[in-house]
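Labels below follow one simple rule: chain letters A, B, ... track the order of the sequence lines, proteins then strands, and each chain is numbered from 1.
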Amino acid sequence: MNHDPFHWGRPNQETYGTYNYNIAQASNQQHESQLDDFPKMHTQQPIITGTSVVSLKFKDGIIIAADNLGSYGSLLRFNNLERLIKVGDETVVGISGDISDLQQLERILAQLEIEEEIYDSDGGHKLRAPHVHEYLSKILYNRRSKMDPLWNAVIVGGFNEDGTPFLKYVDLLGVTYGSSTLATGFGSHLAVPLLRQLIPNDIDYTKVEEEDARKVLENCMRVLFYRDARAADKYSLVTIKSQTSESGSKQITFNHEKELKVENQSWKFAKDISGYGSKQL
Amino acid sequence: MTSIGTGYDLSNSVFSPDGRNFQVEYAMKAVENGGTSIGIKCKDGVVLAVEKIINSKLLVPGKNKRIQTIDKHIGVVYSGLLPDGRHFVSRGRDEAQTFKSFYKTPISVPHLMDRLGIYVQNYTCYNSVRPFGVVSIVGGIDSNGPHLYMIEPSGTSWGYSGAATGKGRQTAKSELEKLDYETLTVREAVKVAAKIIHQAHEDNKDKDYELEISWISLEETKGLHQFIPDDLLAEAIKYAKEDEDDDEEDEEMES
């Protein structure tokens, strides 16, 4: 017997031939040739999804709305999701797309708020919408660059440093743009044209009253409920306003309305629809 | 300077023959010279206050805050070596964040105090480090209601109804003992805290001070740790000084 510890427990050389060292070096790691068989998986599609977020500026601030539905494919799986998230004192983030990624973003934003607003804030700096938007765009672009995107389209609303309304979009690719009228997903096809009837040019928001803005937004939610099969008639709405008080100081109010209902529905048009469903041609 | 050290005071982790750890006791000495900090646990929340000694007239009033926030629902104030305190707070924030990222729920105050107690105690076990030169008063609200704790350099963390540390702690403690913690509300306690700090300042009268007060309450701050509003602070300071004037008048009358 060979008493070298490196040879303990190995088959006898005379009987079984030279020891195959590849056996001893066998690892539980995947062999290089197997790597292509089962690649590392990243998000390739969303699972539970939220549909459009719709928003616009008006002369004193912004309004944003999103319904409370979470769809599992075409199944309307959850009807109590809140997709408008408050960040800091005067910023709202509306998120559409994958709900688990929404929850991740919610935690990331909560952490951002703690670090920027809670820790040692003896004044001077404030976490505002442009900062939140820039931060989110960096997260989303970084994740898409890893080929592992957070599957969302996000609208950030609030105020700039100079007190003017802020509204900007960012999505899973890291694409960003700003406008006085913004919507994600289906809303960018159905709602934006309606919003632009109120605000034809970007600067026109300065002439828009809150009531008119709200009326148009409510109409958008109604049209979306009619035509988007992944939309619900229960929604939340956030209004952020900056008002100058009598003493001359600016006061910002953040109003989060929940469980609103799409009012004045009319399904008269439905009888003319044919070609699918129960009514065949 | 004459040294009366018995040879067991140069190192942590070494007991003296009568069972004491001198480094820990010296750390307490460092605390005893710091500005007074107090904490009051009320039926609806917690109030923290500190006598911030003004070491230079060039410091900007109202800045350089001494009361800090560990997590949204937990505040802390300390007396002693301020950089040690800031390190302590930084560790507290790390613990609170790790807990939240693990369990997706805010850390409870007693659990945070357990973790911080262990951390502080570790600094009494190795001769390559020195103990924390701070006594910290930590207050917060969680699902079990308000909590108030005080952590010492030894690592002891005990729960209190009223806690005081720093130079004026004896005066403050005797005042705290007079309070009825079952009925006291945070709004009342803010004034009481201002008065106690004012009284405790008698022990450190040669220096100016600034008063800092924070509170945590479900009714007043929705369970968040915040500094009290400016008007309430002004009112509290006025109340604290008013009373003192009365005392002085009384004394004058007597004499």
In terms of heavy-atom proximity below 4.5 Å to chain A, should Q97(B) be classed as side chain, backbone, both, or neither? side chain

Do we see a donor-acceptor contact under 3.5 Å between the side chains of E82(A) and S236(A)? yes

More than 12 heavy atoms of other residues, nucleotides or ligands under 6.0 Å from CZ of R144(A): is that the case? yes

Looking just at side-chain N and O atoms, do H133(A) and T176(A) make a donor-acceptor pair shorter than 3.5 Å? no

Taking the six-membered ring of F227(B), is the NZ or CZ of K65(B) close enough (under 6.0 Å from the centre) and on axis enough (within 45°)? yes

Checking heavy-atom separations under 4.5 Å from chain A, one finds in residues 72-91 of chain B K72(B), R86(B)

Segment of I70(B) engaging chain A (4.5 angstrom heavy-atom cut-off): backbone

Cationic N near anionic O, under 4.0 Å, K138(A) to E134(A): yes

Judged by modelled atom types alone, do Y169(A) and D171(A) share a side-chain donor-acceptor pair under 3.5 Å? yes

Using non-hydrogen atoms and a limit below 4.5 Å, what part of residues 39-58 of chain B faces chain A? none

Is atom OH of Y141(A) surrounded by more than 12 heavy atoms (other residues, nucleotides or ligands) closer than 6.0 Å? no

Can you tell me if T221(B) and S217(B) form a side-chain donor-acceptor pair at under 3.5 Å? no

Does the side chain of N152(A) pick up a donor-acceptor pair with the side chain of S96(A) at under 3.5 Å? no

Check whether more than 12 heavy atoms from other residues, nucleotides or ligands sit under 6.0 Å from atom CD of E211(A), and answer yes or no. yes

Determine which residues belonging to residues 108-123 of chain B lie within contact range of chain A, meaning some heavy atom pair is under 4.5 Å apart, and list them by number or answer 'none'. none

For the pair R187(B) and E219(B), find out whether any cationic side-chain nitrogen is under 4.0 Å from an anionic carboxylate oxygen. no

Any pair counted as salt bridge (charged side-chain N to carboxylate O under 4.0 Å, His left out), so long as it reaches residues 44-62 of chain A, sequence neighbours left out: K59(A)-E209(A)

Distance alone, cut at 3.5 Å: any donor-acceptor contact between the side chains of N255(A) and T253(A)? no

Here's one to test your reading of the geometry: is the NZ or CZ of R128(A) within 45 degrees of the ring axis of F159(A) and under 6.0 Å from its centre? no

